[in-house]
Protein chains: 2
Amino acid sequence: MLGVVKAMANSKLYKGSLNTIILKLLDEEGKMYGYEITQKVKKLTKGELNITEGALYPALHKLEAEGLLDVEVAKVDNRLRKYYKLTEQGVREKTNRLAELEEFVRNMQQLVNPKWSIE
Amino acid sequence: MLGVVKAMANSKLYKGSLNTIILKLLDEEGKMYGYEITQKVKKLTKGELNITEGALYPALHKLEAEGLLDVEVAKVDNRLRKYYKLTEQGVREKTNRLAELEEFVRNMQQLVNPKWSIE
DNA sequence: CAAATATACATAATTTTCTTATGCATAAGG
DNA sequence: CCTTATGCATAAGAAAATTATGTATATTTG
């Protein structure tokens with residue numbers, strides 16, 4: 001019995017962007033737990049981007065191990081939640097990642113030309 | 001003796017975008033050879049994106065194997081060049097990839113918010 | 001003119017990042 | 001009661017890149 005779990009994305013372009021997404025959402029929301037992140041992303045992209053658990057949880061663990069996230073365990077309705085939030089280093093890294101993302105978009109615009117513009 | 005070869009890019013965001021870049025450049029230029037692509041990309045991004053040979057050549061071979069590219073060997077100044085151009089299927093696929101790229105940017109904009117806008 | 005750099009291809013080993021497939025457990029809805 | 005939703009986790013494998021080589025000719029530079 002498989003629950004037809006849609007992949008993270010149709011295209012391969014999202015590779016490498018998961019960490020940036022996580023850092024930015026945590027910066028906005030203050031703290032979030034894993035499942036909440038997947039739902040938030042799904043909603044914001046109108047179902048077009050589904051983060052898989054196999055990608056998300058290892059990513060969260062890695063960011064935590066790198067000192068970019070702090071974790072806090074909570075029990076809600078007898079179910080476990082692990083709330084993540086940015087550390088100070090995480091806030092700095094988030095800023096860097098967003099700058100890289102803007103640069104990426106700027107460069108892709110030059111290469112692949114342009115229906116979109118910056119600013 | 002190592003020639004300090006810079007990586008394809010500082011950030012990981014470019015992962016997955018190489019094929020799209022290749023298809024679009026070939027569409028614009030008509031035909032190009034591998035080394036020419038690396039130089040063109042370097043120039044267009046003002047040196048910020050350096051495609052490595054280890055990424056480029058396997059990608060070209062794969063695109064050719066998939067029927068998206070045709071190759072034509074030439075000898076210039078006693079040196080080998082392999083000119084690639086889009087097949088009909090390659091043209092169609094280029095269109096798809098560009099649409100995916102736009103969708104990717106649109107989704108990232110929703111997620112990570114917004115200094116850039118589409119259109 | 002010798003040495004270094006640029007041009008031009010290629011591939012193998014490894015790493016990173018993701019998909020796919022599981023696994024466990026509780027809550028809610030039909 | 002059975003399915004779906006919530007919530008975590010990890011392992012096996014694939015895909016795409018990095019890093020490190022290797023070969024060869026042409027050009028520039030000290």
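These numbers come from the heavy atoms of this one structure, side chains and all, not from hydrogens, waters or symmetry mates. Naming: A, B, ... by sequence-line order, numbering from 1 per chain.
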Nearest to the His61(B) side chain among dA17(D), dA16(D), dA10(C), which nucleotide is it? dA10(C)

Qualifying salt bridge (charged side-chain N to carboxylate O under 4.0 Å, His left out) pairs, either residue in residues 57-68 of chain A, two or more places apart: Lys62(A)-Glu66(A)

From C-beta outward on Ala55(A), which listed nucleotide comes closest to its side chain: dT19(D), dA8(C), dC18(C)? dC18(C)

Would you say Tyr33(A) reaches dG7(D)'s phosphate, i.e. side-chain N/O to OP1/OP2 under 4.0 Å? yes

Option from Ile22(A), Leu18(A), Asn19(A) for which side-chain contact (heavy atoms from CB on, under 4.5 Å) with Leu60(A) holds: Ile22(A)

Checking dA10(C), dA8(C), dA16(D) against the side chain of Lys12(A) (C-beta onward), the nearest is dA16(D)

What is the distance from OH of Tyr14(B) to P of dC18(C), rounded to the nearest Å? 17 Å

Give the residues of residues 72-82 of chain B touching DNA chain D, defined as any heavy atom closer than 4.0 Å, sorted by residue number. Asp77(B), Asn78(B), Arg79(B)

Whole-Å distance between dA24(D) P and Tyr57(B) OH? 16 Å

Provide, to the nearest angstrom, the distance between the CD1 atom belonging to Ile21(B) and the P atom belonging to dA17(D). 9 Å

Out of dT11(C), dT18(D), dT10(D), which has the shortest distance to the side chain of Pro58(A)? dT10(D)

Between dG7(D) (P) and Glu36(A) (CD): distance, integer Å: 9 Å

Please state how far atom CD1 in Ile37(A) lies from atom P in dG7(D), giving the value in whole angstrom units. 13 Å

Distance in angstrom units between Leu18(B) CG and dA15(D) C1', rounded: 13 Å

Report the nucleotide, chosen from dC9(C), dA9(D), dT18(D), that has the shortest atom-to-atom distance to any side-chain atom of Glu53(A). dA9(D)

Using a 4.0 Å heavy-atom cut-off across all strands, classify Gly16(B) as base, sugar-phosphate, or nothing. sugar-phosphate

Quiz item: Lys15(A) side-chain donor-acceptor pair to dT17(C) base, under 3.5 Å: yes

Take atom CD1 of Ile51(A) and atom P of dT20(C), then tell me their distance rounded to the nearest Å. 15 Å

Considering non-hydrogen atoms only, spot the tightest contact between Val41(A) and Ile51(A) and give its length. CG2-CD1, 3.6 Å

Examine distances only and state if a side-chain atom of Thr45(A) and a backbone atom of Asn107(B) form a donor-acceptor pair shorter than 3.5 Å. no

Counting the atoms with a prime plus P, OP1 and OP2 as sugar-phosphate, which does Gly54(A) contact under 4.0 Å by heavy atoms, base, sugar-phosphate, or nothing? base

Enter the distance from Lys94(B):NZ to Leu68(B):CG here, rounded to the nearest 0.5 Å. 12.5 Å

Would you kindly compare Tyr35(B) and Leu60(B) by the position of their nearest DNA chain C nucleotide and give the one closer to the 5′ end? Tyr35(B)

To the nearest 0.5 Å, how far apart are CE in Met108(B) and NZ in Lys24(A)? 10.5 Å

Steps toward salt bridge (Lys or Arg N to Asp or Glu O under 4.0 Å) verdict (Lys40(B), Glu29(B)): CA-CA 10 Å; Lys40(B) 180 86 177 175; Glu29(B) 303 287 318; 3.3 Å; yes

Separation of dT20(C) P from Asn50(A) CG (nearest whole Å): 12 Å

Quick one: are Leu98(B) and Thr20(B) in side-chain contact, heavy atoms under 4.5 Å? yes

